[in-house]
Amino acid sequence: MDQIIVVVMPLDKYARNIHYLRISLTDRCNLRCVYCMPEDITFRPQTELINKEEILRLAGIFAGLGVDKIRLTGGEPTVHPELVSIVSGLSHTPGIQSVTMTTNGVLLQELAEPLKAAGLQRVNISLDSNDPDEFNRIARREAHEKVWKGILAAEKAGLTPVKLNAVIVRGHNDETLLDMAAMTLDHPWYIRFIEMMPFGGATEFQLHQVVTSHEVMERIESEFGKLIPENDGKLDGEAMVFKIPNSLGTLGFISSVTAPFCSLCTRTRLTSDGKLRL
């Protein structure tokens, strides 16, 4: 008699297939990016955050409900002392097909190979500017060289395709976005330009400092010519994907503010203190 396998998929009240879980391992970060957090932020005690055993147990429960993709985030996930062990546990969890991570890349030079060996498949790395001085101003830390070495280490380790995320903020890094785009001419990287989401009171940034995806595309096309749509013009996750003619890499545009994509969302988030956000 043939076996009948029933797969339970977690649909929300809008009939969206929620199969993608983002896990915040910690609220801590080793940078202080100006659009993200104040310089003097106070982080929560470690005892108030979920531990490795709880993370792996919850991942197994979510996998039983149909979640097959997990992304590790923070804060900054690489500052978690048990990151490699957590990745190994997640990659061996039945039902989980994809384990990826979003990182600022500062510690990636040392961690890329161990994470790949543990089962991590890909990384998204934050790189708001490829100009060292500008990057360090935004990050409020002298970290550009470490991040650049982390990017190269991720590529060498096979954590590919390497995705680089740039949050574009008017008056801070909008004048160097063409240099960022030009990196795709010679590297098979996927560079994603993200509209800044203003935080209510968390920083000094407001809507007038948002650089829209439309404006970013116009600037790039004025320099490199008409962009070529990829993925049949459909969203790749949350990004519209294009190529500069004859480039090795691709460009993505994430319009968080001007073109929200909530109706297509397939994810939920587990916060570092163990709360579920839909």
Side-chain angles (χ1 to χ4, degrees), residues 9-12 14 16-29 31 33 35-37 43-44 48-80 82-93 95-105 107-108 111 115 118-126 154 159 161-167 190 192 194-197 199 202 235-239 252 254-256 260-278:
M9 303 306 291
L11 302 181
D12 70 2
Y14 301 106
R16 297 178 298 185
N17 173 18
I18 308 300
H19 69 100
Y20 174 9
L21 176 66
R22 296 173 71 98
I23 301 177
S24 297
L25 296 184
T26 179
D27 64 341
R28 287 166 169 73
C29 190
L31 300 182
C33 296
Y35 58 80
C36 183
M37 62 178 65
F43 298 115
R44 302 183 68 162
E48 295 182 8
L49 306 182
I50 52 177
N51 59 40
K52 183 184 79 170
E53 289 71 25
E54 291 167 334
I55 290 168
L56 296 180
R57 181 185 177 202
L58 287 167
I61 293 171
F62 277 103
L65 294 172
V67 166
D68 58 11
K69 178 180 179 180
I70 290 179
R71 175 171 293 278
L72 300 177
T73 69
E76 170 50 40
T78 59
V79 303
H80 195 290
E82 296 184 282
L83 173 62
V84 175
S85 179
I86 290 171
V87 168
S88 179
L90 293 174
S91 66
H92 289 91
T93 299
I96 300 301
Q97 300 176 15
S98 173
V99 181
T100 60
M101 182 177 72
T102 296
T103 173
N104 61 30
L107 301 177
L108 205 51
L111 286 172
L115 287 170
L120 192 72
Q121 293 165 295
R122 292 180 303 281
V123 287
N124 288 8
I125 303 171
S126 298
L159 296 171
V162 172
K163 295 184 179 181
L164 305 180
N165 293 340
V167 177
Y190 179 11
R192 308 195 305 175
I194 304 172
E195 290 180 346
M196 182 191 67
M197 290 285 286
F199 292 92
L235 280 176
D236 174 31
E238 58 280 316
I254 300 178
S255 308
S256 327
F261 34 82
C262 299
S263 64
L264 302 175
C265 185
T266 61
R267 71 188 60 171
T268 189
R269 176 183 290 276
L270 181 65
T271 66
S272 58
D273 59 349
K275 293 182 173 60
L276 188 65
R277 291 186 178 175
L278 304 177

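Computed from heavy atoms alone, side chains included, the values below leave out hydrogens, waters and symmetry copies.
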How far apart are the closest heavy atoms of [X] and [Y], and which atoms are they?
X      : Y      : answer
Ala239 : Tyr190 : CB-OH, 3.4 Å
Ile194 : Asn165 : CD1-CB, 3.8 Å
Ser91  : Ala118 : OG-O, 2.9 Å
Cys265 : Ile18  : O-CD1, 3.9 Å
Thr268 : Arg277 : OG1-O, 2.8 Å
Thr26  : Arg28  : OG1-N, 3.0 Å

Quick one: pull up [atom1] in [X] and [atom2] in [Y] and give me the separation to the nearest 0.5 Å.
X      : Y      : atom1 : atom2 : result
Ser85  : Leu56  : OG    : CG    : 7.0 Å
Met101 : Ile70  : CE    : CD1   : 14.0 Å
Ser88  : Leu120 : OG    : CG    : 11.5 Å
Thr78  : Leu108 : OG1   : CG    : 7.5 Å
Leu25  : Ile50  : CG    : CD1   : 7.0 Å
Arg269 : Thr73  : CZ    : OG1   : 4.0 Å

Compare all side-chain heavy atoms of [X] with those of [Y] and state whether any distance is below 4.5 angstrom.
X      : Y      : result
His80  : Leu72  : no
Val162 : Leu164 : yes
Asp68  : His19  : yes

Is the side chain of [X] donor-acceptor paired with the backbone N or O of [Y] at a distance under 3.5 Å, no angle test?
X      : Y      : answer
Gln121 : Thr100 : no
Glu76  : Leu31  : no
Arg267 : Leu21  : no

Dump the intermediate steps for side chain to side chain contact (heavy atoms under 4.5 Å, CB included) on Ile86 and Lys52, then the final yes or no.
CA-CA 6 Å; Ile86 290 171; Lys52 183 184 79 170; 3.4 Å; yes
Between Ile23 and Phe62, is a side chain to side chain contact (heavy atoms under 4.5 Å, CB included) present by the stated rule, with each step listed?
CA-CA 11 Å; Ile23 301 177; Phe62 277 103; over 6 Å; no
Just checking, Lys69 and Tyr20: is the charged tip under 6.0 Å from the six-membered ring centre and within 45° of the axis?
yes
Verify side chain to side chain contact (heavy atoms under 4.5 Å, CB included) between Leu111 and Thr103, making sure each step is shown before the conclusion.
CA-CA 11 Å; Leu111 286 172; Thr103 173; over 6 Å; no
Assess the residue pair Thr266 and Arg16 against the criterion (side chain to side chain contact (heavy atoms under 4.5 Å, CB included)); give the C-alpha distance rounded to whole Å, side-chain angles, the decisive distance to 0.1 Å, and a yes or no.
CA-CA 6 Å; Thr266 61; Arg16 297 178 298 185; 5.9 Å; no
